[in-house]
Each structure stands twice: as structure tokens, then as C-alpha cells.
Amino acid sequence: MYKYMELLNELEGMIAGSMKEGDKIPSIRTLSERYVCSKSTVIRALSELERTHLIYASAKSGYYVLGRAAKTERRSRTIDLAHSAPDPEIFPYLDFQQCLNKAIDTYRNDLFLYGTPRGLPSLIREMQRHLAGYQVFAEPERIFITSGAQQALTLLAGMPFPGGAETVLVEQPTYPLFIAYLEAHRIPAVGIRRDADGIDLDELERIFRGGRIKFFYTIPRFHNPLGSSYTRRQKERIVQLAARYGVYLVEDDYMADLEQDAKSDPLYAYDREERTIYLKSYSKILFPGLRVGAAVLPRELSESFGRYKQLLDIDSSMLSQAALELYLKSGMFDRHREKIRARYSRRSELLGAAICQAREEYPDVFTGPPPSPGGIHTHLLPRTAAALPAVVERLGRRCIRAESAAAHYLDGFPAEEMLKLNVSGVREEDIPGGVAAVAEELARAVRRLLPSAPAQTPD
């Protein structure tokens, strides 16, 4: 990442933290010495902050913080613990707008033509380099640009696979829109239970051995809605079983950018038999409306995938592809990733601390793990499942949005009643209070349903 982008992240964090409107930014010389960089680098970073209206320059005086308070006051008072959309205040509006404008200028002729089912060739080359940073190494002919991970899943579920197997295996719970697609199109699907500790690998082997499984769809890290990740041993074992029984793995690595453990690799990195289909999307780290993702296919599936994709939409949005290519190539994405990783890491810590505090205050009311380091969601399991509807309703009256994970299960699969907690769009100062309110309402509901419960809450 460019030095001035690192400096930008530091300055933006400083402005978003302790500084208020009208505070003076340290001088160019001071910043140059503090961050061991040239004055021209500092000037470039300050100019960028001025362009994004975070600071303003005063002649012969310096730079000052501009208008943070007004922006904060415009945010909704609702605490949304249910949805996983990225925080709009972190979105790099002006950076991405610049890439869009440049894309229009650079690819002005290509934008009036249909592209290729595989995607914009220059983006595929850049994506090859980009994916290598996740330990995903693939030749360009195996990389397809898709309209998000959802389109890739749709294509994979509908196209034939070698061997003729038709049944899709999914973790339970899992991504609800994929479940909805499988059920709406009557695609044979079975589930395997997953909890905070993972899945039963012996059960996975039993299903692989006798289930005629087409592919196993899995979210190895920062699972939605559990929030947990597989260990290295679990990943290695899953890949080994897939190779032994000829099952494909579809790995949805949608939150890879929040990973803090440099040694944590995707399933794809352990696969030597080309049984893993790797999916990467950008909806949770950039914005959902971008609708651009990448799929890395085994050679055996590439031709069929490309043919089905061409029948579905010819090509993903050329403008979005071109803008993403420039955003990746310029280093802007690396800067944004560092910023959002730092922000979400702080929210993850606050969420974990709030859950621990709630457990101490209301023992024996619920269980549930803190989020994985850097993750921004987890789940709570109430002592009695019957408590959830009343809890969700009462929280809504308190302007706190919460929901159960019922939609994350296949119809007919024994669902575990759990309450989802997601803080991607929640202000840091609202996280402790929001979790405390959830715990209070859980305790109240449990006490009413189980009068012997030790929860102590005010009526």
C-alpha cells in the first residue's frame, strides 16, 4: 500500500476519534517527522482529506477539522443488529467516483459493446494478482467475473457436474438467499449441522460417501450467521474428504478481507486436486450495489460455467468491472481495506466485551460465543427458544432491530433458535447499550417462560 495511503488512514482515524470540528491538524513538518515520510507525501494526504471535506485549509495558519458533528447527528437513532450491510460512513464515495469517471474515459468504446462471459480481460488479469493475496493462485482462464457471489451460486446450482450428482449439501444454518434459490427451483439439497465449533467431520464423510453430493457449499471463515471460522485442521480434513469421495467444494470467502491471522488460508490453498470452487465478493467491504465478484473454477468445470453464464446475462456490468479494476490497481482498495479492518476490529472487540458483560449480569439466560477476532457478527442462544419472538418485538419498540436465524435453515431441517447479532453498521458508542438491551429482553422473556430462572431484570 502506498505510503500516503497509510498516512491517510492514520489521519482519518485521528479525525474520527478524538478530534472535533475546528481542531487544528498537526503541521506538515510535524506529520512528516512523526510518520517518517516526505513533506510531499504529507501534502498529498492533506489535499485528499481536503478534497473529501474532512479538513479545510486556512492561509498561513494550517489545516483544521471540518464538520464532523453535523454528519454524525444525521445518522439514524435505530440500532440495527440484524443486517450486515457495510457502514455507509466508511464507504469511499469520492475514491470510487473517481474510478468510475476514469473508467468511462478509459473504456469509452468498450462500454457500448457486449463483453465476454468470462469478464473484462484487464480486470481478470488484475484479479489474478489480487486473489494471490488471499493465497488463491489461478490461471486467468479459470477466473470468471460474476454479478456477485449470488450469481455464481445460481449458475453452479443449475449447471450439470461431472458424474451426474444433483444434490447440494449446505451447512445449517447458512446464507439465506442461496437456500431460497434452492427451494424455489426445487434443487435437491440436504443440510449438515454447524455450530460455533464447526461440523461433525465423521457425519460429513458419511454424507460424502453415500449421498451423491454435487457440491458442498461452505463459508469457512466468519460464517453467516454464526460468526465462527474453521480451524486449519478442519479445513485440511474437509479438503481431504472432498478429494477422496470426488465431491466439489464451493467456498464462499466473502469476508476474507477482515481476516487478522496471516496464517489463516482458505480451503482453496489446501486443495491439490482442483475440487474447490472459490468465490470472492465485495458487497460487505465496499457496497452491495457494486454487484461484482469473482469465481475461480476447476478446469473441468470452466467451459460449462462459461456457457451457462453467457446464457444467463452475457456479461456482468462493464462499467462496474472497469471501475473495480482501476480501484484495485490504484491501491485505493488496499487503503480502504486497512481502514475498514481497523474499524470493524474495534467493533468486534466492543461486541465481544459487551457479550461477556451481559453474561455476567444475566447468567444462565443465554449462551453464544464472542465474534471471531476481527469479525462483526455472532449469535446468541436463549435458554428457551420460545423467548425469541417476544424479544424481537420488544427490542423493536426500543428502536433496536434484531432477528432470528430461521431463514438460514432449509425447510424441514431442525433449526436451532438463535438471535443474530451484527454490528457492521452500528456506531461504536451504541454497541454496549444495544447488546445490554438484548440481554435484558432475553432475561425478561426467559424469566416469564421459566419462572425458576435466576435472571434479575426490572419490569
Side-chain angles (χ1 to χ4, degrees), residues 84-86 88 90-108 110-134 136 138 140-156 175 177-178 181 219 224 250-258 266 268 277-297 302 305-306 308-337 340 424:
S84 58
I90 307 177
F91 173 63
Y93 293 97
L94 295 176
D95 281 353
F96 207 82
Q97 182 182 48
Q98 179 180 340
C99 291
L100 280 170
N101 292 336
K102 189 173 181 181
I104 292 172
D105 184 57
T106 303
Y107 295 100
R108 65 180 68 183
D110 296 322
L111 296 179
F112 292 94
L113 303 173
Y114 287 121
T116 67
R118 194 176 298 277
L120 185 66
S122 55
L123 175 57
I124 289 175
R125 290 191 295 271
E126 180 60 27
M127 191 63 69
Q128 181 187 28
R129 181 201 65 79
H130 178 68
L131 291 175
Y134 305 104
V136 175
E141 57 268 22
R142 294 175 55 205
I143 300 173
F144 288 79
I145 305 303
T146 63
S147 298
Q150 180 70 15
Q151 186 194 48
L153 289 171
T154 297
L155 291 167
L156 292 167
Y175 177 41
L177 288 182
F178 187 45
Y181 179 84
I219 308 173
N224 179 22
V250 176
E251 176 178 19
D252 191 344
D253 206 13
Y254 76 115
M255 293 187 76
D257 299 292
L258 300 188
Y268 186 95
I277 301 159
Y278 181 85
L279 306 182
K280 178 73 181 75
S281 62
Y282 298 88
S283 60
K284 296 298 183 289
I285 193 169
L286 283 173
F287 62 106
L290 180 61
R291 307 312 304 146
V292 177
V296 180
L297 276 294
S302 294
F305 186 87
Y308 271 72
K309 186 176 185 303
Q310 184 175 25
L311 292 173
L312 183 66
D313 72 348
I314 302 178
D315 196 5
S316 302
S317 164
M318 287 290 286
L319 181 57
S320 294
Q321 288 188 67
L324 180 61
E325 178 207 339
L326 296 172
Y327 192 67
L328 294 172
K329 189 179 295 185
S330 67
M332 291 180 182
F333 177 83
D334 292 333
R335 175 175 109 78
H336 175 69
R337 178 170 54 190
I340 204 169
S424 61

If you take all heavy atoms of [X] and [Y], which pair is closest and at what distance?
X    : Y    : value
P266 : Y134 : CD-O, 3.2 Å
F144 : S302 : CZ-O, 3.3 Å
V296 : A138 : CG1-CB, 3.5 Å
M318 : L120 : CE-CD1, 3.6 Å
G119 : I124 : O-CD1, 3.9 Å

| task | Mind telling me whether Y282 and H130 have parallel, tilted or perpendicular rings, with 30° and 60° as the class edges? | result | tilted
First locate atom [atom1] of [X], then atom [atom2] of [Y], and finally report the distance between them rounded to the nearest 0.5 Å.
X    : Y    : atom1 : atom2 : value
L297 : E141 : CG    : CD    : 12.0 Å
Y278 : D252 : OH    : CG    : 9.0 Å
F96  : N101 : CZ    : CG    : 11.0 Å
S424 : I340 : OG    : CD1   : 8.5 Å
Q151 : K309 : CD    : NZ    : 5.0 Å
C99  : E325 : SG    : CD    : 10.0 Å

Just wondering, do [Y] and [X] contact through their side chains at under 4.5 Å, heavy atoms?
X    : Y    : result
M127 : L324 : yes
Y254 : N224 : yes
P117 : Y308 : no
D253 : Y268 : no
Y181 : L153 : no
L312 : T146 : no

| task | Scan side-chain atoms only and decide if Y175 and Q150 contain a donor-acceptor pair under the 3.5 Å cut-off. | result | yes
| field | Ion pair check, R337 and D334, cut-off under 4.0 Å | value | yes
| request: Only counting residues at least two apart or in another chain, list the ones meeting side chain to side chain donor-acceptor pair (under 3.5 Å) with D95. | output: R51
| said: Is it the case that the side chain of S330 and the backbone of Y327 share a donor-acceptor pair, with hydrogens and angles ignored and the cut-off at 3.5 Å? | reply: yes
| request: I would like to know whether D257 and K280 meet side-chain contact (heavy atoms from CB on, under 4.5 Å); could you show each step before the answer? | output: CA-CA 10 Å; D257 299 292; K280 178 73 181 75; 2.9 Å; yes
